[in-house]
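Reviewing the structure listed below.
Every heavy atom of this structure was used, including side-chain atoms; hydrogens, water molecules and symmetry mates were not. FYI, the numbering just counts along the sequence from 1.
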Amino acid sequence: MNLIRLCLTRILYTTTLSICILGVMAGSANAQILGSAYFVSEAQANNAVIGFPHGAANATFSSPNGAINFTSAPGYTLSQFLLSNPGTIILTGTAGDLSRALDTADGGTMLEFTGQVSVVNGQTFTVNHDDGLQLLIGGLLVVNAPGPTAPVTTTVTYTGPTGTFAFDLVYGECCGAPAVLATSLPLQAAPAVPEPETYAMLLAGLGLMGFVARRRKQRAA
């Protein structure tokens with residue numbers, strides 16, 4: 001009987017641990033913003049549109065806490081711009097690409113951000129940018145300002161449905177410093193909803209707990 005109790009306890013522990021791991025993985029995946037940087041021609045950098053043609057990314061990055069608030073004030077290289085974000089940035093790329101200026105005689109830079117965002121119909125937010133950008137939320141083009149500009153603040157009212165949706169933001173830097181990209185919209189997802197498999201594991205764990213409790217009660221009687 002002691003052996004049976006030990007086996008049940010181990011199964012219950014493993015089930016509970018698996019549920020916790022699944023929850024952490026789901027939350028991390030949904031809260032994260034992913035990004036890629038591409039060095040493009042000056043003409044292409046002048047027209048920051050979603051779906052722009054490109055090859056392999058020159059750098060990739062992610063922001064686990066979902067912040068988008070970048071400026072070239074600390075420096076005009078790709079790494080200085082991306083690391084200016086006050087949130088955590090995980091950055092990968094060659095030393096040569098990361099130290100390259102965002103705009104040179106050879107061309108500019110296109111940045112693409114993807115992730116999820118929770119929005120409410122009628123919500124107003126701002127986007128500071130230099131230069132152009134497009135922002136797509138759940139299939140709705142929310143910001144359409146792809147051309148070059150001096151630093152400007154664009155105020156936007158979201159007119160789509162309320163909920164959590166995928167977003168795609170493309171930003172182009174051309175025409176020399178400065179470079180600015182910041183938004184007041186909290187581009188991160190609401191807490192992840194557990195998958196059906198997670199619920200099944202939870203119910204199994206609860207059932208095992210009930211079984212163990214009944215066995216202990218019977219032995220005490």
Side-chain angles (χ1 to χ4, degrees), residues 18-38 47-52 54 57 60-71 81-82 84-91 110-149 151-173 179-203 206:
S18 299
I19 292 170
C20 292
I21 291 173
L22 284 172
V24 170
M25 290 177 64
S28 298
N30 284 295
Q32 183 167 263
I33 289 176
L34 302 178
S36 300
Y38 305 88
N47 187 34
V49 294
I50 293 170
F52 65 95
H54 57 75
T60 59
F61 53 95
S62 62
S63 176
N65 60 356
I68 292 185
N69 187 3
F70 301 89
T71 174
F81 180 71
L82 292 176
S84 70
N85 190 67
T88 302
I89 290 292
I90 302 170
L91 180 60
M110 204 80 85
L111 299 172
E112 183 168 26
F113 303 77
T114 59
Q116 288 186 310
V117 58
S118 295
V119 286
V120 177
N121 180 271
Q123 178 178 358
T124 299
F125 63 97
T126 59
V127 180
N128 301 329
H129 57 102
D130 177 349
D131 290 290
L133 66 90
Q134 282 190 336
L135 172 60
L136 189 75
I137 296 178
L140 177 67
L141 189 60
V142 177
V143 179
N144 184 23
T149 179
V152 63
T153 299
T154 299
T155 301
V156 181
T157 299
Y158 175 72
T159 59
T162 297
T164 299
F165 306 98
F167 80 87
D168 189 352
L169 188 156
V170 169
Y171 166 79
E173 171 56 23
V180 177
L181 177 61
T183 177
S184 64
L185 186 65
L187 294 172
Q188 58 187 25
V193 177
E195 298 293 331
E197 293 83 358
T198 304
Y199 283 120
M201 292 177 67
L202 178 59
L203 290 174
L206 292 174

Quiz item: Any chance the side chains of Thr154 and His129 put a donor and an acceptor closer than 3.5 Å?
Solution: yes
Do [X] and [Y] have side chains that get closer than 4.5 Å, going by heavy atoms?
X	Y	result
Val156	Leu135	no
Ser63	Ile68	no
Leu181	Glu173	no

Quiz prompt | Contacts of Thr155 that satisfy side chain to side chain contact (heavy atoms under 4.5 Å, CB included) - sequence neighbours left out | solution = Thr124, Thr126
Self-check item: Under the side chain to side chain contact (heavy atoms under 4.5 Å, CB included) test, residues paired with Leu136 that sit two or more places apart
Solution: Ile50, Leu141, Asp168
Quiz item: Looking at Thr60 and Ser36, what are the two nearest heavy atoms and their distance?
Solution: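 Taking Thr60 first and Ser36 second, the nearest heavy atoms are CG2-OG, 4.1 Å.
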Self-check item: Where at least one partner belongs to residues 134-147, residue pairs that pass side chain to side chain donor-acceptor pair (under 3.5 Å), sequence neighbours excluded
Solution: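 Applying side chain to side chain donor-acceptor pair (under 3.5 Å) to every pair that reaches into residues 134-147, excluding sequence neighbours, yields Gln134-Asn144.
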Quiz item: Given Leu133, which of Thr183, Thr149, Val127 fulfils the side-chain contact (heavy atoms from CB on, under 4.5 Å) condition?
Solution: Val127
Quiz prompt | Whether Asp130 side chain and Ala179 backbone form a donor-acceptor pair below 3.5 Å | solution =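 No, because the side chain of Asp130 does not come within donor-acceptor range (under 3.5 Å) of the backbone of Ala179.
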Quiz item: Knowing that exactly one of Phe61, Tyr171, Phe167 qualifies, which makes a ring pair (Phe, Tyr, Trp, His ring centres under 6.0 Å) with Phe113?
Solution: Phe61
Exercise. Kindly determine whether Val117 and Tyr158 satisfy side-chain contact (heavy atoms from CB on, under 4.5 Å), including the steps that lead there.
Key: CA-CA 12 Å; Val117 58; Tyr158 175 72; over 6 Å; no
